[in-house]
Protein chains: 2
Amino acid sequence: MSGEFSFIARHFRPLAGPESLDLRDDCALISCPPGQELAISTDTMVENVHFLSDDPPETLGRKLLRCNLSDIAAMGATPYAYTLNVTIPRNSRYNDSWFNAFVAGLSEDQARYSVTLLGGDTTSTSGPLVLSATVFGRLHKGTALRRNGAIPGDSLWVTGTIGDAALGLLALQGKISDPSGFLADRYRLPQPRTGLILNGIVHAAMDISDGLIQDCQHIAEESEVAIDVLAEAVPASSEAKSLGPEWLEQRLTGGDDYELLLACAPEQENALIEICQQAHTPITRIGSVHSGKSVRVLNQNGQVIQFLKGGWQHF
Amino acid sequence: MSGEFSFIARHFRPLAGPESLDLRDDCALISCPPGQELAISTDTMVENVHFLSDDPPETLGRKLLRCNLSDIAAMGATPYAYTLNVTIPRNSRYNDSWFNAFVAGLSEDQARYSVTLLGGDTTSTSGPLVLSATVFGRLHKGTALRRNGAIPGDSLWVTGTIGDAALGLLALQGKISDPSGFLADRYRLPQPRTGLILNGIVHAAMDISDGLIQDCQHIAEESEVAIDVLAEAVPASSEAKSLGPEWLEQRLTGGDDYELLLACAPEQENALIEICQQAHTPITRIGSVHSGKSVRVLNQNGQVIQFLKGGWQHF
């Protein structure tokens, strides 16, 4: 036990903010300014499921934090703080030097996203590394961006480029070429869109984690609308483009993008574009919202493209 | 993925409160009434570390929830809500029937402690079952009970009986006899003292999870005081007593009690006793707080008892 206390003091106390009570008490204490509420997201990452055993330790905590921050961004909340649960395999690989690198990565992202550690738990396991984080954001009451607000007539938009992370995983598995390492980086380090303030601008928002098409289905289902996605319009990085058109399905269904998927009324499109320009965030119109109950991917001729995974599904 | 969604809908949506947004969005949204703050505790339990593989599934989620609720109680906060991360071994044992029982236990404790599920994550692993929960309580700003408030002259108190859970683990391992199953129950299902409102009454509080003596050291260290514990005064259940005095060290150092350890000024002792009586919570004076830097366990003659683990330590 005393080993656990000194381990926490050594590695995690430097990450802790004032609300953590210096990690010395039973709980952290946080408050919420008048008129605000808290958005809460929690995610678990398991070695060899959500990251690879040989991923650099610097990136692991950052990826976990960023996946959650992407959810915070999707609700239109400002990042605030997080808790971290680390379940460590009982072998020598996870030593002080490993944790120094792990914590250095977290520390860098704490500064980048203005969050601090509230508390956590460290445990040991006979199995693989398991990391859980619960991340808190703050926003004005009643302004949260939801999945259920899209209406027929809205246009559909995404930030950034789609499919890089899914291709990056294939690259790390040696299945495709990634000479610059750009795709692998996109797999290891998502770029959550925390800088955008879209509350009051878009009708619906979510972050793309399960794959563009499946996440369109989430918006369609929650908003009770149909969505058409124009395959050609979905933005691809030059690295993804260079692999050729045969990777379209992988890009649109692969997941781990952590870009925002947005439904916007026509009269707000200019405001959306302007806000994204100010934040230096690429934004692309990829489709449209209709009445109905389907999600369709259309080619240049308006014909439906059938994917093996995801794609045109009634529900 | 769609398997995950239907799994969550089937098992976890019935546990979810309104702040969860029906588990259908990127985040949960919680608010904090004016003048209040949130206490946050997070814990992870790993199969074969924090519970046994053959522990009934009904008890696992409840134990996790209750360990965290004990931290919430130790800060003087009122239970409010929680998030849950479940990392499930890939084998058939963790099927729908297992999760039905797991969720039934959680559901029972949600009603008992007036908490609801905010959100969570389910993942799979090649290793053992890993459960993490982050629990939220609410309290009036500035009234949190801390570990660092004990002062010389205070008396030291515990709720309930000490050592049952540690003996219960030994019973479940077949090392001691537990004919009624009382001790095993105390290991499997802690009874967090959430009903006590001790804010403004005691100088310091924490919950006993690492063992009475080690937790006395935490209070002593954080409050910069010395503590004397009278071994004879530490309350034992009749089941623990029946095992004989040779289990004293195990009882005082074993941990998993989830009772409260309190430091109280002499002029507040009657108030403390009265509040505990009203809540039907046994409370016992077990020692005293002095100036200095030691934690000592004393026998009836005032002599120091040396334990192999914990006990009289300078730090």
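Sequence lines set the chain letters: A, B, ... in the order given, protein chains first and strands last, and positions in each chain run from 1.
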> Which heavy atom in A144(B) sits nearest to a heavy atom in L29(A), and how many Å separate them?
Replying inline: CB-CD1, 3.5 Å
>> Looking at H140(B), I want to see if its NE2 is surrounded by more than 12 non-hydrogen atoms of other residues, nucleotides or ligands under 6.0 Å.
In response: no
> For T125(B), is it the side chain, the backbone, both, or neither that has a heavy atom closer than 4.5 Å to a heavy atom of chain A?
Replying inline: both
> With respect to chain A, which residue among A77(B), G119(B), S124(B), P89(B) yields the maximal number of heavy-atom pairs within a distance under 4.5 Å?
Replying inline: S124(B)
> Who wins among D25(A), L38(A), D71(A) for the most heavy-atom pairs under 4.5 Å with chain B?
Replying inline: D25(A)
>> Given heavy-atom pairs under 4.5 angstrom as the criterion, report whether the side chain, backbone, both or neither of T44(B) touches chain A.
In response: both
> When only pairs under 4.5 Å are counted, which of E19(A), E37(A), H50(A), M75(A) shares the most heavy-atom pairs with chain B?
Replying inline: M75(A)
>> Measuring from atom OG of S132(A) to atom CG of L131(B), what distance do you get when rounded to the nearest 0.5 angstrom?
In response: 10.0 Å
> Tell me, side chain or backbone of L118(A) under 4.5 Å from chain B's heavy atoms, or both, or neither?
Replying inline: side chain
>> Quick check for you: to the nearest 0.5 Å, what is the distance between E221(A) atom CD and R24(B) atom CZ?
In response: 7.0 Å
>> Can you confirm whether the side chains of T42(B) and D121(A) place a donor and an acceptor under 3.5 Å from each other?
In response: no
>> Contact between I72(B) and C27(A) at the side-chain level, heavy atoms closer than 4.5 Å - yes or no?
In response: yes
>> Under 4.5 Å from any heavy atom of chain B, what part of M206(A) do you find: side chain, backbone, both or neither?
In response: both
> Which pair of non-hydrogen atoms, one from A205(B) and one from D26(A), has the smallest distance, and what is that distance?
Replying inline: O-OD2, 3.8 Å
> Passes side-chain contact (heavy atoms from CB on, under 4.5 Å), D22(B) versus E222(A)? Steps please.
Replying inline: CA-CA 11 Å; D22(B) 216 17; E222(A) 297 306 324; over 6 Å; no
>> If we define contacts as heavy-atom pairs under 4.5 Å, which of S41(B), G35(B), G127(B), A39(B) has the most with chain A?
In response: A39(B)
>> I'd like to verify something: which residue of L84(A), V49(A), D207(A), I30(A) has the highest number of heavy-atom pairs under 4.5 Å with chain B?
In response: I30(A)
> Side chains of M45(A) and T87(B): does their closest heavy-atom pair fall under 4.5 Å?
Replying inline: no
> Are S31(A) and C32(B) side-chain neighbours, meaning at least one heavy-atom pair lies under 4.5 Å?
Replying inline: no
>> Could you measure the distance from the OH atom of Y82(A) to the OG1 atom of T134(B)? Nearest 0.5 Å is fine.
In response: 13.5 Å
>> How long is the straight-line distance from CG of D43(B) back to CG of N85(A), given to the nearest 0.5 Å?
In response: 8.0 Å
